[in-house]
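Quantities reported herein were computed from a predicted structural model and do not represent experimental measurements.
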Amino acid sequence: HLPTTDGNIRLARLLTWVEGRVFAEANPHSPLLLQRLGEMCGNLCRSLADFDHPAAHRFMKWDTQQTEWIKPHLEKFTGERKYFVDYFYSLFEEIALPVFPRLRKSVNYNDANDYNILVSHGVKDPVVPGVIDFGDVVYTQTINELAIALAYAVMNKPDPIEAACHVVSGFNHTFKLTDEEIKVLFPLMTARLIISVTCS
């Protein structure tokens, strides 16, 4: 809080610059880079595991836990798009939703998309130093952190499942997954994508 001469209070935030480029502009997305992306997300979950704040308990349309808000909007899709959206929504409803009460929950960063993930400039030994944009932080199932990262990391890959395996391996190395979390990972990853197309 900074007082001013007119008696008003101004808020100021001091940030530390983190060197890097966004994941979307990094090339290639090597197995090592994908693994390190997973490790960074696992470190986020480990760091936030014991953190809580009342403001994190809120409605957030980008929270995959709250995917049900899109259901009334599914009728707006037509043709092949409707088939895909309906199919992936049914996976969320039938596989993920019933086990939500049994999954670990925490405050999540909740926005590891390819324009928020930072990557070092080196090609041979890329580092993922962190992320930007904490505006979507929310209290939700911890596994959603990995699911969201996967939704964007596997885009435009010739073998999305292979790419996902590298990310999951890195995550599990730093933050051990449970069997139930692995079971819901794919439905939650695709839930994030159908949230995205619904918002669009």
Practice problem: Could you tell me whether Arg192 and Asp111 have a side-chain N and a carboxylate O separated by less than 4.0 Å? | Solution: yes

Quiz item: Is the closest side-chain heavy-atom distance between Ile194 and Ile70 below 4.5 Å?
Solution: yes

Quiz prompt | Ring centres under 6.0 angstrom apart (Tyr139, His53) | solution = no

Quiz item: Any idea how Phe92 and Tyr89 line up, ring-wise: parallel (<30°), tilted (30 to 60°), or perpendicular (>60°)?
Solution: tilted

Practice problem: Without swapping roles, check the side chain of Tyr109 against the backbone of Ile132 for a donor-acceptor pair under 3.5 Å. | Solution: yes

Quiz item: Is a salt bridge present between Arg81 and Asp86, judged by a nitrogen-to-oxygen distance below 4.0 Å?
Solution: no

Quiz item: For Lys71, does the NZ atom sit with more than 12 other heavy atoms under 6.0 Å from it, leaving out its own atoms?
Solution: no

Self-check item: Atom NZ of Lys82 with >12 non-hydrogen neighbours under 6.0 angstrom
Solution: yes

Practice problem: Give me the one residue out of Leu188, Thr140, Val184 that meets side chain to side chain contact (heavy atoms under 4.5 Å, CB included) with Phe100. | Solution: Leu188

Quiz item: Between the main-chain N or O of Arg58 and the side-chain N or O of Gln66, is there a donor-acceptor pair closer than 3.5 Å?
Solution: yes

Quiz item: Linking I/L/V/M/F/W/Y whenever their side-chain heavy atoms sit closer than 4.5 Å, directly or via other members, would Leu33 and Val123 fall into one cluster?
Solution: no

Quiz item: Taking C-beta and beyond as the side chain, do Glu19 and Trp17 meet within less than 4.5 Å on heavy atoms?
Solution: yes

Quiz item: Have His173 and Glu39 got a donor and an acceptor in their side chains that come within less than 3.5 Å?
Solution: no

Practice problem: Look at the side chain of Glu145 and the backbone N and O of Asn110, then say whether any donor-acceptor pair between them is shorter than 3.5 Å. | Solution: yes

Quiz item: Would one find more than 12 heavy atoms of other residues, nucleotides or ligands at under 6.0 Å from atom CG of Asp159?
Solution: yes

Quiz prompt | Ser169 side chain to Cys165 backbone, donor-acceptor under 3.5 Å | solution = no

Quiz item: Within the side chain of Lys183, is there an N or O that forms a donor-acceptor pair under 3.5 Å with the backbone of Asp179?
Solution: no

Quiz prompt | Geometric class of the Trp69/His73 ring pair [parallel <30°, tilted 30-60°, perpendicular >60°] | solution = perpendicular

Quiz item: Quick one: do Phe88 and Leu74 end up in the same hydrophobic cluster if we chain Ile, Leu, Val, Met, Phe, Trp and Tyr together by side-chain heavy atoms under 4.5 Å apart?
Solution: yes

Quiz item: Stepwise, does the side-chain contact (heavy atoms from CB on, under 4.5 Å) test hold for Phe23 with His29?
Solution: CA-CA 8 Å; Phe23 184 84; His29 286 179; 3.1 Å; yes

Practice problem: For the residue pair Thr64 and Asn144, confirm or rule out a side-chain donor-acceptor distance under 3.5 Å. | Solution: yes

Quiz prompt | Student check: side-chain heavy atoms of Val128 and Ser120 closer than 4.5 Å | solution = no

Self-check item: Any donor-acceptor N or O pair under 3.5 Å, side chains Asp52, His57
Solution: yes

